[in-house]
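Remember, predicted model here, so these are calculated numbers, not experimental data.
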Amino acid sequence: MTQPPPPPPNQPPDPQGGFGAPTPPQQPPQEPGYGYPQQPPADPGYGYPQQPPAQPPYGYPAQPQPQQPQQYGGYQPQQPVQPPYGYPTQPQQPYGGYPGTVQAPVAAPGGKKLSAQLQIVIAAVVAVVLIVGVGIWYANSESGGGKDGEAKSSAGTSQGTSQGGSGGSGESKGTGGGGSEKPPADTQAKLTFQVPKPAVPDVTDVSGSWITDKAYVKTGINSIVGYDLAKGTPLWTLPLVGQICGVSRHVTADNKLPILFEASKRVAPRYYQQCTEVGLVDLDAGKLLWSTSITGGSAGDQKARFGEITVSGKTVAAGGNDGGAAFDVANGNPRWKPQVSDQNCYDMGYGGGAGLVAVRKCGPYDSQYVLIQNIDPMTGAPVSQYKMPTGVKYASIVSTKPLVVAADVGDSADDGSGISDFFSLDEKTGKLKAKITADADQYAGRCRSTKVESCTKVVVNGNRLYVPTEEHEGSTGEYGDETNELIAFDLTTGRTAPEKADAGDKYTLVPLRMDGGDIIAYKSPPYDKGGRIVAINGVTMKETLLLENPADPSINDIENSFSPDYSEILYRDGRLFMSAMMLSKPRASASPDDKEPLVVSYSTK
């Protein structure tokens, strides 16, 4: 591997200079990976018995930690002011160059009128506030509002320097529409098939599902199975030597999928094996093209254990506490392997897709810090890097191009979401463009904190980040009418866009993926309605109905058993697939009618 270049100015030096460095022996491992029984991981994955996770599961609040003010590039962030649900955050500095007006009070509490003298005093105070406010705004409007390269933090307020976009605000609306998903003549769907859950001896993670032109593919028990799109009958089954313990969120252009799997089958009472095997699956043919393992790092001459895997271009990258490694997509030959680090650094994992970004943890155990490094997929050499603020223990990659990182700064997101802030970075220079504070009580995006590529309910396109709000009271104020909205943030300025998408009373919007300039979203329904799939224009935020499920109670009960927080939801070309992510041994008292399916499919075809 080539020697990496020095870090950019004002960035900390790369302690290792390469990638895949493991946790040193004196540093307790953060996440040993699937199947490591001797020392339970900090975030062992779904179903790890008895050991409580370091990061609480979704829906359970974490223990609040004292929040310390952090410095970001020399800038002391102000306390953000959050807007009401469903409305874009109001900027502290107004759009268009004019400060907002302030209304003077005209009545005292209890309905009594203010005296003329008091009104004069209040009017004078308001005038002073306006003058000072205009002065502050005018000063901050010069040269992008601060020093070169400096970015500001807020919840949708002024962010960083204004570059490009329309008008004088520095915002860029990007593109909307142009997606391939079009509404059918009849959007009413029907239940097409169900796949029963296989029997398991213990809690088993079966995360992972994909759609190709030929099949719906789902992780199984020691296998991957391809199902007929219309009938749900198995087209092929790929047996593996052990259970899948990690899958890529991305596939190659020709439907090749990187996976991690255990080296042997699980045998009672030890239901987890080491996650050491790396492979590439042809999703069209149902074949394992190659598989390999690698030694090095803290594993020494033993097989390195990995926690997650991804792909970018011609490179498969796997990360974990034993270090990071990369492999050639064509044949599995290693591009780099875990290395012993003198600087207490290791790769927690990688974000893939359009680019390849490493998340590295460095430093002694009591003063660790996290680096975000955009790297060359062929060599592992860093192109740029950004040091995350103090108080960040983990980071997740939402998108590699544009580069967007999610983190929980100072453990301030106490709802288990793993997100307090989004960081928009320049992937070429590593500079912070915008820091977007997303109050966990208001926004519903989620990331598994110890997983680098695990975020859900957030999508990125062009220059916009789309995040849904949490559910809140609907227009009637009655129980059961809860709803939410989808909010857009500009990645250059950090400001909220004026347009938003409303789910409507009793429905909740869950963004799934981008389709051109459209957001494909699932609208989780009330108990007596069927769910919907909609395409939302990324600029106008207007929705188009693509599919609506039946409202029949028996069918609706099946759909409602797949919670968007704990299920995988895929839509493509008029077909909706919902699948379980976790399996457990059925209760002895469970009747056949109580059994929920592994997969359910609906279709307008």
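- Listed by chain and number, the residues in a side chain to side chain donor-acceptor pair (under 3.5 Å) with Tyr571 amount to none (sequence neighbours excluded).
- Taken to the nearest 0.5 Å, the CG atom of Leu283 stands 7.0 Å off from the CH2 atom of Trp210.
- To the nearest 0.5 Å, the span separating CD on Glu568 from OG1 on Thr219 amounts to 7.0 Å.
- Looking only at side-chain heavy atoms (C-beta outward), Thr400 and Ser312 stay at 4.5 Å or farther from each other.
- Counting heavy atoms from C-beta on, the side chains of Tyr350 and Thr315 never come closer than 4.5 Å.
- Leu403 is not listed as a side-chain neighbour of Lys433, based on a closest heavy-atom distance of 4.5 Å or more.
- Taking the charged nitrogens against the carboxylate oxygens, Lys393 and Asp408 have no contact shorter than 4.0 Å, which rules out a salt bridge.
- Put simply, the side chain of Ser424 does not reach to within 4.5 Å of the side chain of Leu465, judged on heavy atoms.
- Side-chain atoms of Tyr369 never come within 3.5 Å of backbone atoms of Gly363 as a donor-acceptor pair (strictly under, hydrogens ignored).
- When every heavy atom of Asn484 is checked against every heavy atom of Pro468, the shortest pair comes out as ND2-CB, 3.7 Å.
- Ala325 and Phe306 get closest at one heavy-atom pair: CB-CZ, 3.9 Å.
- When all heavy atoms of Ile519 and Pro511 are compared, the pair lying nearest together is CG2-CB, 3.9 Å.
- Within the 3.5 Å criterion, the main-chain N or O of Asp565 finds no donor-acceptor partner in the side chain of Arg446.
- The backbone N or O of Lys451 lies less than 3.5 Å from a partner atom in the side chain of Ser396, making a donor-acceptor pair.
- We find the CG-CG distance between Asp439 and Asp421 to be 10.0 Å, quoted to the nearest 0.5 Å.
- A salt bridge links Arg305 with Asp322: the closest approach of a Lys/Arg side-chain nitrogen to an acidic carboxylate oxygen falls below 4.0 angstrom.
- Atom CD1 of Ile536 and atom CE of Met514 lie 9.5 Å apart (nearest 0.5 Å).
- In plain terms, the two heavy atoms of Val329 and Gly313 that are nearest each other are CG2-O, 3.9 Å.
- Contact check for Asn537 versus Glu499: no side-chain heavy atoms found under the 4.5 Å cut-off.
- Under a 3.5 Å cut-off, the side chain of Arg335 and the backbone N or O of Ala317 do not form any donor-acceptor pair.
- Applying the salt bridge (charged side-chain N to carboxylate O under 4.0 Å, His left out) criterion to Glu427, with sequence neighbours excluded, gives no partner residue.
- Residues Leu257 and Ile259 meet the side-chain proximity criterion, which asks for heavy atoms closer than 4.5 Å.
- With rounding to the nearest 0.5 Å, the separation of NZ in Lys523 from CG in Leu486 is 11.0 Å.
- Between the side chains of Ser207 and Asp205, a donor-acceptor pair is found at a separation under 3.5 Å.
- Remark: aromatic rings of Tyr443 and Phe422 are distant, center separation not under 6.0 Å.
- For the 3.5 Å distance criterion, the side chains of His472 and Gln442 fail to qualify, holding no donor opposite an acceptor.
- Side chains of Phe423 and Tyr386 form a contact here, defined as non-hydrogen atoms less than 4.5 Å apart.
- In terms of heavy-atom proximity, Ile294 sits nearest to Pro338 at CG2-CD, 4.2 Å.
- For the pair Arg513 and Glu181, the salt-bridge criterion is met [side-chain N within less than 4.0 Å of a carboxylate O].
- For Asp347 (side chain) and Gly323 (main-chain N/O), no donor-acceptor pair under 3.5 Å exists by modelled atom type.
- Separating the CG atom in Leu491 from the CD1 atom in Ile436 is a distance of 5.5 Å, to the nearest 0.5 Å.
- When every heavy atom of Ala444 is checked against every heavy atom of Thr469, the shortest pair comes out as CB-O, 3.6 Å.
- Listed for the Glu308 side chain is a donor-acceptor partner under 3.5 Å among the backbone atoms of Glu453.
- Val383 is not listed as a side-chain neighbour of Ile375, based on a closest heavy-atom distance of 4.5 Å or more.
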